[in-house]
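One structure is given below, encoded as structure tokens.
Numbers restart at 1 for each chain; the letters A, B, ... are given by sequence-line order, proteins then strands.
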Protein chains: 4
Amino acid sequence: MSNHGAIQDKRIEILEAAALIFAGRGYAAARMDDIAEAAGVAKGTLYLYFQSKQELFVSLLESRSEEYVQTVTAWLADCKTVTECIHVLVTLRGQFFVKNQRLAESVSHSVPGFPKDLQIRVWNIRRGLEKPTIKLMQRILPENYPVEPALVAAVVNGAIDYSVGSYLLDDRRVNLEKVARDLEFVLGPGLQEK
Amino acid sequence: MSNHGAIQDKRIEILEAAALIFAGRGYAAARMDDIAEAAGVAKGTLYLYFQSKQELFVSLLESRSEEYVQTVTAWLADCKTVTECIHVLVTLRGQFFVKNQRLAESVSHSVPGFPKDLQIRVWNIRRGLEKPTIKLMQRILPENYPVEPALVAAVVNGAIDYSVGSYLLDDRRVNLEKVARDLEFVLGPGLQEK
Amino acid sequence: MSNHGAIQDKRIEILEAAALIFAGRGYAAARMDDIAEAAGVAKGTLYLYFQSKQELFVSLLESRSEEYVQTVTAWLADCKTVTECIHVLVTLRGQFFVKNQRLAESVSHSVPGFPKDLQIRVWNIRRGLEKPTIKLMQRILPENYPVEPALVAAVVNGAIDYSVGSYLLDDRRVNLEKVARDLEFVLGPGLQEK
Amino acid sequence: MSNHGAIQDKRIEILEAAALIFAGRGYAAARMDDIAEAAGVAKGTLYLYFQSKQELFVSLLESRSEEYVQTVTAWLADCKTVTECIHVLVTLRGQFFVKNQRLAESVSHSVPGFPKDLQIRVWNIRRGLEKPTIKLMQRILPENYPVEPALVAAVVNGAIDYSVGSYLLDDRRVNLEKVARDLEFVLGPGLQEK
DNA sequence: CATGAATGAGAGTTCATTCAT
DNA sequence: TATGAATGAACTCTCATTCAT
């Protein structure tokens, strides 16, 4: 029997610890020592599972976004009306944003200095986070809707993230139910079939 | 005659150089040596005008956002219809985003690890960037509009930034005219008086 | 088996190297690079054993003074007459002064600019170096001796250090035997029981 | 008429300011900016009067020790008995030590790294500070006194400095009268003619 | 697989000194 | 003489990475 499972377990433990540390202090201020301690392993062990601090960071982003994409894709498959869909999107993407706020921030701060291959992986992550929304727009918008689905998706995602962010900026607790209703009111009319 | 002007000039030269370097490599990867070289001054000179790298960074953010806020406030004062206003907002905020992409990403996020006083300055910058849009919404939305102006502003700003960002992410040239028309089409209906 | 011993060894090696460098150039002119090179370790290694240059310096003072205090305390316990005691004191304190001339000068003075906690440690070192002499004076001076033992100790220690220092100032080799005899002659009469 | 006097005045003002700063923070932590500000002149002006920070420091030591030497020489010329002489010495040298404690400390810390010519000047200062005491001992000790006057002087000076220092170490106010009486009691018997 | 002591390049910052005005 | 903005060498300290055990 292979110990593949055990290896995966430790990998995941490290990622969890890394999430904690990165979210707490941001990428630059996070030290590998701290991550190792939080994960309960020695510093050298980190390098058995990840090539570098940068690679660990990108891997974490990938793991979190994968999780999100899977969940949101599954939920969106079931929803019928535009209203319902916006509700699902706001709720799930909002949760993701709340949970990973600092990670998302760190991306823009730190990635510019990363090597090309990691930059591409980050690019794919960003793209991946947009995809479920784009697919949704392709499904619900009328054939002759004059705006590209990708741009509509950008509009909707931007609206969600900034709405949630406006709460977080003031350290107010986010009421996703209310945000969903508000966004339905603002965005709904522009997205409905005529 | 005082040399106040000359001092301001050099301060601005340094800020320009810093913008170049920070935008090119991100905050963490930017080295004070590089900024000094780009500004054509010695490293030590940077510290005559700014207390630290962090303070230089925040000062840069402040300078750029002030510029934006003044311009956009002036333009919005003159526009009448919702359509026109959205057009102005998209154009100016879009320009700002294109020009300061990397910096804007930094602004729209807190800067973990910075000392308290600088964090507050960043918080004020972020708040400041929202203000013109909020004021606009207070002006153009009907009395009984059921969503807070601040949240509508977040929606609109998010929509703009992400729309522009979706072009930049793919390294495509941004057509702000087109973005403006698209956003008017998507957001317009939800913002019109009933 | 623990590697406690090995760790202590390296700590001591670093202290020896630091003693060499500090004594050679004085605290301010001593560079951490030099100490590292003298100790045969990398610069970063110094910081595994000591928190800062200042802390390394104070630790060195502590280690040297501890050594001295233990030795002198043991020897003084056995001596009987005033003459004998002065002889022991001059010999041991003189040796200490010769060996640690530069350090001793530092010890006998506060270290302006150091953080509070390190200042306190230095203060304790200075106090510690006086203690054996004070205890001795308490033992050998008559009950009704009109001068405080602490001040008599200061007199004796000052006399010893300056006597030895007067040789070192001229780069003459110190003859501790002779210094002891001379000090017995000068100080003896004033310390004898009446 | 030459402006020699005015030049001397500014030189002295700078020395006074330097004394303040050096005494307050120690040599290494004292910055030329601070000295310039305290003296009420521009930084560059310091270099019109002194070649370097090191040279300024040594000049200050010289000026202070000259003052002391002149005063003590004058006073000692008049005193007759050993008791009286010790009293004068303790008072004047004690005052000097109290006033210049920090400067004296700084010497041992900083001078090791100074260039040769300044080291020699410091050496001369140290020697100069001993001279009045040595001359005194040559005068008052009997012809056949078996200890060199220079060493007796070292003993006496060490005793004075450490006695005063033992007060300062504890931040107690020094009572020079009492110290003088105590030292007369301890040192007197060994110095009297037989 | 796991460890953690050791490494050393590289960072931000300081400050004595200079020199054009 | 006097200035003070500018310099840049030199410093301490950090921390991602390695490798002998």
Side-chain angles (χ1 to χ4, degrees), chain A residues 3 6-7 10 14 27-37 39-57, chain B residues 3 6-7 10-11 14 28-37 39-57, chain C residues 3 6-7 10-11 14 28-37 39-57, chain D residues 3 6-7 10 14 27-37 39-57:
Chain A
N3 54 357
I7 287 180
K10 184 156 287 184
I14 292 174
Y27 176 80
R31 290 185 294 120
M32 292 296 266
D33 296 73
D34 298 332
I35 295 172
E37 194 190 337
V41 300
K43 218 186 327 180
T45 306
L46 301 181
Y47 290 86
L48 296 176
Y49 293 89
F50 302 94
Q51 287 175 16
S52 67
K53 184 189 179 187
Q54 297 179 332
E55 208 262 325
L56 166 58
F57 181 62
Chain B
N3 56 357
I7 285 180
K10 183 152 288 181
R11 213 190 116 93
I14 292 174
R31 290 183 292 123
M32 291 299 265
D33 294 81
D34 298 335
I35 295 173
E37 195 188 337
V41 300
K43 213 186 334 179
T45 306
L46 301 181
Y47 290 87
L48 294 178
Y49 293 88
F50 303 95
Q51 288 177 15
S52 65
K53 184 188 179 187
Q54 296 180 332
E55 209 262 325
L56 167 58
F57 182 63
Chain C
N3 55 356
I7 285 181
K10 184 152 288 181
R11 214 188 116 92
I14 292 174
R31 289 183 292 123
M32 290 300 264
D33 294 80
D34 298 335
I35 294 173
E37 195 189 336
V41 301
K43 211 188 331 181
T45 305
L46 301 182
Y47 290 88
L48 294 178
Y49 293 88
F50 303 94
Q51 287 176 14
S52 65
K53 183 188 179 188
Q54 297 180 333
E55 209 262 324
L56 167 56
F57 182 62
Chain D
N3 54 0
I7 287 181
K10 186 156 285 183
I14 292 174
Y27 175 81
R31 291 185 293 119
M32 291 297 267
D33 295 74
D34 298 333
I35 294 172
E37 195 191 337
V41 300
K43 218 186 326 180
T45 306
L46 300 181
Y47 289 87
L48 296 176
Y49 294 88
F50 303 95
Q51 288 176 14
S52 67
K53 184 189 180 187
Q54 296 179 333
E55 207 263 325
L56 166 57
F57 181 62

### Query
Taking all non-hydrogen atoms of both residues, which atom of A28(D) and which atom of A28(C) are closest, and how far apart?
CB-CB, 4.3 Å
### Query
Any side-chain N or O of K10(C) less than 4.0 Å from the OP1 or OP2 oxygen of dA6(E)?
yes
When rounded to the nearest 0.5 angstrom, what is the spacing between [atom1] in [X] and [atom2] in [Y]?
X      : Y      : atom1 : atom2 : result
Q51(D) : L46(D) : CD    : CG    : 13.5 Å
E37(B) : M32(B) : CD    : CE    : 14.0 Å
K10(D) : Y49(D) : NZ    : OH    : 5.0 Å

Rounded to whole Å, please give me the gap between [atom1] in [X] and [atom2] in [N].
X      : N       : atom1 : atom2 : value
E37(A) : dT3(E)  : CD    : P     : 13 Å
D34(C) : dA10(F) : CG    : C1'   : 12 Å
L46(C) : dA5(E)  : CG    : P     : 16 Å
F50(A) : dA16(F) : CZ    : C1'   : 16 Å

### Query
DNA chain F in dot-bracket, Watson-Crick or G-U pairs under 3.5 Å, [ ] crossing, | other strand?
.||||||||||||||||||||
### Task
Take nucleotides 12-21 of chain E nucleotide by nucleotide from the 5' end and write B, S or -, depending on whether a protein heavy atom sits under 4.0 Å from the base, only from the sugar-phosphate, or from neither.
SBBSSBB---
### Query
Can the positive tip of K53(D) be found less than 6.0 Å from the middle of the six-membered ring of Y27(D), inside 45° of the ring normal?
yes
### Query
With F50(A), which residues qualify under side chain to side chain contact (heavy atoms under 4.5 Å, CB included), at least two apart?
R11(A), I14(A), L15(A), E55(A), L56(A), S59(A)
### Task
Using the C1' atoms only, state how far dC1(E) lies from dT21(F), rounded to an integer number of Å.
13 Å
### Query
Hey, does Y49(A) reach any base, or is it just sugar-phosphate, or nothing, if we go heavy atoms under 4.0 Å?
sugar-phosphate
